[in-house]
Amino acid sequence: MFQNSIREFLPYCLPDITEREINEVVSTLKSGWLAKGPKTIEFENRFAEFVGAKYAVGMNSCTAALHISLLAGGIGPGDEVITTPMTFAASANTILHTGATPIFVDIDPLTGCIDPNEIESKITSRTKAIVPVHYAGQACDLDSIYSIADKYNLFVSEDAAHAIYTQYKGRFIGNRPQNTVSFSFYATKNLATGEGGMLVTDDEFIANKARVLITHGMSRNAWKRYAKDGSWTYDIEEPGYKYNMFDLQAAIGIRQLERLGEMQKRRENIASMYNKAFANVPGLLLPTASESTTIHSWHLYIIKINSEKTRINRNEFIEELNKRNIGTSVHFIPVHYMSAYKNRFGYKQGDFPVAEKWFESIVSLPLYPKMSDSDVQYVIDSVSEIIEGAS
Ligand SMILES: Cc1ncc(COP(=O)(O)O)c(C=O)c1O
């Protein structure tokens with residue numbers, strides 16, 4: 001029998017939507033302009049100002065932003081792009097979508113982010129870019145990554161899907177970006193619009209190119225063609241994509257951005273409750289971040305099961321939490337384990353040993369602003385009970 005009484009299912013993640021977001025969506029619906037329009041532009045401007053970038057381009061996903069970043073950075077067939085296997089498939093799939101080849105580099109065993117010390121040995125004459133991922137909401141070692149990029153003249157497309165509010169050495173991720181930084185507003189993210197993403201850059205050429213590419217390659221501002229000051233003419237500068245954000249998404253985003261600081265505080269609060277409670281639980285390893293991560297966005301709270309100190313393994317631990325109605329997730333199954341990658345590139349177990357070992361032990365616990373203190377306590381009690389039972 002469980003010591004704690006079982007409660008209703010607690011998902012590992014839920015968006016935090018209030019009347020403010022709902023009212024903004026309703027007023028946008030009533031405005032009659034549903035597609036890309038004034039709200040998208042307002043959200044782009046506010047987002048650029050928030051992170052401290054010159055340009056922000058709203059898209060329908062972070063995946064789109066990652067793809068467009070590489071295209072705008074001139075990446076294409078025959079090129080090689082370095083990234084991490086400890087990420088969601090989007091980071092690597094979008095490299096393939098440009099016609100380039102992803103080259104995986106193993107992770108730092110302390111942070112789970114790409115290990116800069118391993119990057120240089122993977123650079124060839126074909127290497128054109130690096131896609132570092134700010135894993136779980138920490139910042140990657142950007143100084144080391146950019147110094148390698150500068151040395152070899154590589155484009156850097158930062159995957160900041162987890163890193164809205166993260167700071168590296170006191171600056172928001174996306175602040176004065178050297179090339180491009182892509183954020184996600186997917187339903188599980190710290191700022192959620194359901195689906196959505198944002199590319200930020202300080203490079204005017206990239207911003208303009210991205211705006212054209214995300215609307216079929218149409219000449220700039222073609223979205224205005226149904227407005228009074230618009231024109232029916234347009235040109236297709238190159239065959240582009242249909243990747244733009246639209247005003248209903250942006251309406252949610254504007255209000256979420258206003259509440260981001262408050263939501264971040266709650267995330268920090270929950271993370272510190274977990275850190276305190278689990279500090280002395282043998283069998284658990286707590287999330288760590290580099291000293292350069294001056295603000296952790298706490299997008300994910302990833303613990304590791306220390307198999308040397310407990311009899312329970314990661315999969316059994318997840319099952320035990322599930323029996324207690326607690327949802328969890330695993331971030332991530334390494335990309336090189338995926339059939340599409342194994343079949344095409346012949347990857348096998350042992351190719352990226354640090355990422356593989358990391359994967360075997362990780363579990364993402366519930367962490368989101370809407371969790372009550374009693375939800376957090378229930379997770380703490382359940383985790384402690386499971387680990388105690390296996391000691
Ligand atoms: C690391 C990482 N990169 C990219 C993405 C893709 O984001 P989106 O769903 O907005 O395309 C995700 C989504 O979960 C992610 O975790």
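When a residue number appears, it is its place in the shown sequence, counting from 1. Note that ligands are numbered from 1 as they come in the structure, with each ligand's atoms numbered from 1 the same way.
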Which donor-acceptor pairs under 3.5 Å do the side chains of residues 54-61 make with protein atoms, sequence neighbours left out?
unit_1 : atom_1 : unit_2 : atom_2 : d
N60    : ND2    : K242   : O      : 3.4
S61    : OG     : T63    : N      : 3.3
S61    : OG     : A64    : N      : 2.9

Can you establish whether the number of heavy atoms outside E262 located under 6.0 Å from its atom CD is more than 12?
yes

Side-chain donor or acceptor of K304 paired with backbone N/O of L286 under 3.5 Å:
no

Does ligand 1 have any N/O atom under 3.5 Å from a protein N/O, and what are those pairs and their distances?
unit_1   : atom_1 : unit_2 : atom_2 : d
ligand 1 : 3 (N)  : D159   : OD1    : 3.2
ligand 1 : 3 (N)  : D159   : OD2    : 2.7
ligand 1 : 10 (O) : C62    : N      : 2.9
ligand 1 : 10 (O) : S184   : OG     : 2.7
ligand 1 : 11 (O) : C62    : N      : 3.3
ligand 1 : 11 (O) : T63    : N      : 2.9
ligand 1 : 11 (O) : T63    : OG1    : 2.5
ligand 1 : 14 (O) : K189   : NZ     : 2.7
ligand 1 : 16 (O) : H162   : NE2    : 2.8

Test side-chain hydrogen bond (donor to acceptor under 3.5 Å, both in side chains) applied to S290 and T293, step by step:
CA-CA 6 Å; S290 65; T293 302; 3.2 Å; yes

Output side-chain donor-acceptor pairs under 3.5 Å for residues 344-351, partner residues at least two apart or in another chain, one line each.
unit_1 : atom_1 : unit_2 : atom_2 : d
K348   : NZ     : D351   : OD1    : 3.0
D351   : OD2    : K348   : N      : 2.8

Side chain to side chain contact (heavy atoms under 4.5 Å, CB included) with N343: which residues, sequence neighbours excluded?
S339

